[in-house]
Amino acid sequence: MTAQILDGKAISQEIIAQVRARVDARLAGGKRAPALAVVLVGSDPASQVYVGNKKRQCENAGITSIAYDLPAETSEADLLALVTKLNHDDAVDGILVQLPLPKHLNAEKIIELIDPAKDVDGFHPYNIGRLALKMPLLRPCTPRGVMTLLEKTGIDLVGKDAVIVGASNIVGRPQALELLLARATVTVCHSKTKDLADKVRGADVVVAGVGIPNFVKGEWIKPGAVVIDVGINRLESGKLCGDVEFDVARENASWITPVPGGVGLMTVATLMQNTIDACEARGR
Ligand SMILES: NC(=O)C1=CN([C@@H]2O[C@H](COP(=O)(O)OP(=O)(O)OC[C@H]3O[C@@H](n4cnc5c(N)ncnc54)[C@H](OP(=O)(O)O)[C@@H]3O)[C@@H](O)[C@H]2O)C=CC1
Ligand SMILES: Nc1nc(=O)c2c([nH]1)NC[C@@H]1CN(c3ccc(C(=O)N[C@@H](CCC(=O)O)C(=O)O)cc3)C=[N+]21
Ligand SMILES: [Mg+2]
């Protein structure tokens with residue numbers, strides 16, 4: 001079997017068009033556009049690319065983006081003061097602090113200060129707790145984007161065995177909560193997991209978020225499995241690749257996401273959704 005491609009490009013564009021229609025309806029009703037504050041500390045090249053993509057999609061969605069580009073030496077006190085100001089600014093609906101932050105800044109402390117109602121990344125402990133308790137509000141963009149990709153493609157998850165490779169706070173853990181909410185049976189693997197290949201071999205759905213190119217071998221993929229590659233790795237050649245050995249995996253899977261053109265685009269589209277959701281939930 002050769003897998004069909006889960007089309008992150010088409011589905012992300014569909015999501016952004018839906019957000020745009022909601023924004024246009026607001027504007028027609030005399031309301032303001034939703035506004036997203038994007039805070040970037042330092043000049044990590046990958047972060048600059050992602051933040052650039054976010055700003056571009058804000059334009060396509062009709063969302064006002066407000067950029068805070070701060071020097072790498074920004075103090076924690078200054079960053080906390082900025083977040084506090086944005087929390088209190090009624091014209092700001094969403095606050096995104098791009099990760100990773102420079103080492104002298106405590107990301108957990110900064111995320112915890114963000115008003116959960118404006119936490120469009122869904123990283124605040126309150127929003128993660130809501131998701132864990134089956135009453136999600138703002139959901140982390142990457143795992144929510146993966147769920148949208150699966151839903152829009154018509155892939156049923158009920159009762160499926162899902163194996164997630166990677167257990168980070170921004171990918172693996174919230175992905176596990178999302179898949180559990182969708183009634184899959186979930187296994188979360190990490191660097192201490194034994195017999196990883198066997199775990200993947202049993203999976204109907206595999207989600208890889210490790211950060212190592214071609215880490216998940218195509219030969220591990222069960223015939224007919226659905227493969228979601230969250231990894232974004234830039235090779236020395238300048239090319240992007242995922243965490244899954246794509247060409248071999250594609251021969252076993254029923255559906256697979258490409259990199260680029262898969263989950264990354266869904267992450268950005270979902271950020272637009274979360275921003276208008278936050279705006280409306282705040283009653284603005
Ligand atoms: N497409 C998108 O929108 C996004 C893509 N990404 C990409 O996803 C990837 C993962 O990102 P992120 O979650 O932040 O990464 P982290 O480095 O925070 O987490 C990596 C996870 O992989 C696990 N891991 C590392 N080595 C192994 C191994 N040998 N065997 C099994 N598990 C292992 C780690 O285990 P342990 O917990 O034991 O340390 C950890 O849980 C990266 O390529 C990143 O660029 C990230 C965010 C969004
Ligand atoms: N607070 C915070 N929120 C995040 O959501 C967040 C973050 N920090 N830090 C880094 C990760 C990574 N991430 C991506 C965003 C867009 C693409 C993306 O647009 N990818 C395109 C192309 C990428 C390219 O050309 O480099 C694609 O896969 O086709 C990928 C990855 C968001 N993250
Ligand atoms: Mg990380």
Side-chain angles (χ1 to χ4, degrees), residues 5-13 16 36-42 44-58 68 83 94-101 105 107-108 110-111 114 119-124 127 138-146 148-149 163-176 187-197 199-200 206-217 220 228-235 238-244 257-275:
I5 299 293
L6 280 156
D7 193 344
K9 186 162 187 204
I11 295 176
S12 66
Q13 285 173 356
I16 287 169
L36 171 65
V38 179
V39 181
L40 175 61
V41 185
D44 173 62
S47 292
Q48 286 175 326
V49 171
Y50 303 145
V51 166
N53 290 356
K54 289 169 188 176
K55 287 176 189 162
R56 195 172 54 249
Q57 295 309 336
C58 276
Y68 291 86
V83 170
I95 303 170
L96 181 145
V97 178
Q98 185 69 21
L99 301 176
L101 286 169
L105 298 171
E108 286 76 29
I110 289 148
I111 289 166
I114 296 172
D119 169 39
V120 287
D121 262 328
F123 292 165
H124 191 287
N127 282 316
L138 290 169
R139 296 150 57 187
C141 296
T142 299
R144 184 185 179 193
V146 167
T148 304
L149 197 53
V163 170
I164 301 166
V165 189
S168 70
N169 287 345
I170 77 167
V171 179
R173 284 166 199 260
Q175 189 70 70
T187 303
V188 186
C189 305
H190 47 75
S191 65
K192 308 295 184 197
T193 294
K194 64 179 170 65
D195 306 328
L196 177 67
K199 297 209 168 37
V200 174
V206 180
V207 181
V210 183
I212 303 173
N214 302 319
F215 179 78
V216 173
K217 302 305 169 208
W220 300 351
I228 306 293
D229 193 349
V230 180
I232 305 266
N233 305 292
R234 193 166 292 277
L235 303 178
K239 268 184 63 174
L240 284 191
C241 85
D243 289 346
V244 177
T257 60
V259 178
V263 175
L265 301 180
M266 292 304 299
T267 296
V268 182
T270 306
L271 176 65
M272 303 302 119
Q273 257 183 328
N274 279 356
T275 302

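Counting starts at 1 for both ligands and their atoms, following the listed order.
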Task: Non-hydrogen side-chain atoms of V259 and C241 separated by less than 4.5 Å - done: no
Task: Side chain, backbone, both or neither: the part of T193 lying under 4.0 Å from ligand 1 by heavy atom - done: neither
Task: By side-chain hydrogen bond (donor to acceptor under 3.5 Å, both in side chains) - contacts of N169 (at least two apart) - done: none
TODO: Sequence neighbours left out, what passes salt bridge (charged side-chain N to carboxylate O under 4.0 Å, His left out) with K217? Give chain and number order.
DONE: none
TODO: From the options G211, C189, S168, select the one whose nearest heavy atom is closest to atom 16 (P) of ligand 1.
DONE: S168
- [ ] Determine the minimum heavy-atom distance between N53 and V268, stating which atoms define it.
- [x] O-CG1, 3.9 Å
Task: Numbering as shown, the atoms of ligand 1 that approach G264 to under 4.0 Å (heavy-atom distance) - done: 1 (N), 3 (O)
- [ ] Pull out every atom of ligand 1 sitting under 4.0 Å from any heavy atom of V210, numbered as shown with elements.
- [x] 9 (C), 10 (C), 20 (C), 22 (O), 24 (N), 25 (C), 26 (N), 27 (C), 33 (C)
Open item on the list: With heavy-atom distances below 4.5 Å as the criterion, would you say the side chains of V97 and I111 are in contact?
Closed with: no
Open item on the list: Would you say that I110 contacts V39 through its side chain, given a criterion of any heavy-atom pair below 4.5 Å between the two side chains?
Closed with: no
TODO: For V171, counting its heavy atoms only, list the atoms of ligand 1 lying under 4.0 Å from any of them.
DONE: 13 (O), 46 (C), 47 (C)
Open item on the list: Can you name the atoms of ligand 1, numbered from 1 with element, that are less than 4.0 Å from a heavy atom of I232?
Closed with: 1 (N), 5 (C), 7 (C), 43 (O), 45 (O)
Open item on the list: With a heavy-atom distance limit of 4.0 Å, tell me whether I170 approaches ligand 1 through its side chain, its backbone, both, or neither.
Closed with: side chain
TODO: Would you please determine whether G172 falls within less than 4.0 Å of ligand 1 on a heavy-atom basis?
DONE: no
Open item on the list: Taking side-chain contact (heavy atoms from CB on, under 4.5 Å) as the definition, give me every residue that meets it alongside C189, ordered by chain and number, with sequence neighbours left out.
Closed with: V163, T187, T193, L196, K199
Task: Residue pair V188 / A167: nearest heavy atoms and the distance that separates them - done: CG1-CB, 3.7 Å
Open item on the list: Side chain, backbone, both or neither: which applies to T142 and ligand 1 if a contact is any heavy-atom pair less than 4.0 Å apart?
Closed with: side chain
TODO: Would you indicate whether K55, at its atom NZ, is surrounded by more than 12 heavy atoms from other residues, nucleotides or ligands within a distance under 6.0 Å?
DONE: yes
TODO: Show which atoms of ligand 1 fall inside a sub-4.0 Å distance from at least one heavy-atom site of A167.
DONE: 21 (C), 40 (C), 41 (O)
TODO: State which residue, out of V146, I11, T142, fulfils the side-chain contact (heavy atoms from CB on, under 4.5 Å) condition with M266.
DONE: I11
- [ ] Give the numbers and elements of all ligand 1 atoms closer than 4.0 Å to a heavy atom of T267.
- [x] 2 (C), 3 (O)
Task: Polar side-chain atom of T257 near backbone of D229 as donor-acceptor pair, under 3.5 Å - done: yes
Open item on the list: Using a 4.0 Å cutoff against the non-hydrogen atoms of N233, which atoms of ligand 1 qualify?
Closed with: 43 (O)
At less than 3.5 Å, what protein N or O atoms come close to the N or O atoms of ligand 2? Include the distances to 0.1 Å.
unit_1	atom_1	unit_2	atom_2	d
ligand 2	1 (N)	V97	O	2.8
ligand 2	1 (N)	D121	OD2	2.6
ligand 2	3 (N)	D121	OD1	2.9
ligand 2	3 (N)	D121	OD2	3.4
ligand 2	8 (N)	L99	N	3.1
ligand 2	9 (N)	Q98	NE2	3.0
ligand 2	9 (N)	L99	O	2.8
ligand 2	19 (O)	N53	ND2	2.8
ligand 2	26 (O)	R234	NH2	2.9
ligand 2	29 (O)	G261	N	2.7

Task: Flag side-chain contact, heavy atom, 4.5 Å: L271 against V120 - done: yes
Open item on the list: Looking at non-hydrogen atoms alone, which of S191, G8, P213, G145 comes nearest to atom 36 (P) of ligand 1?
Closed with: S191
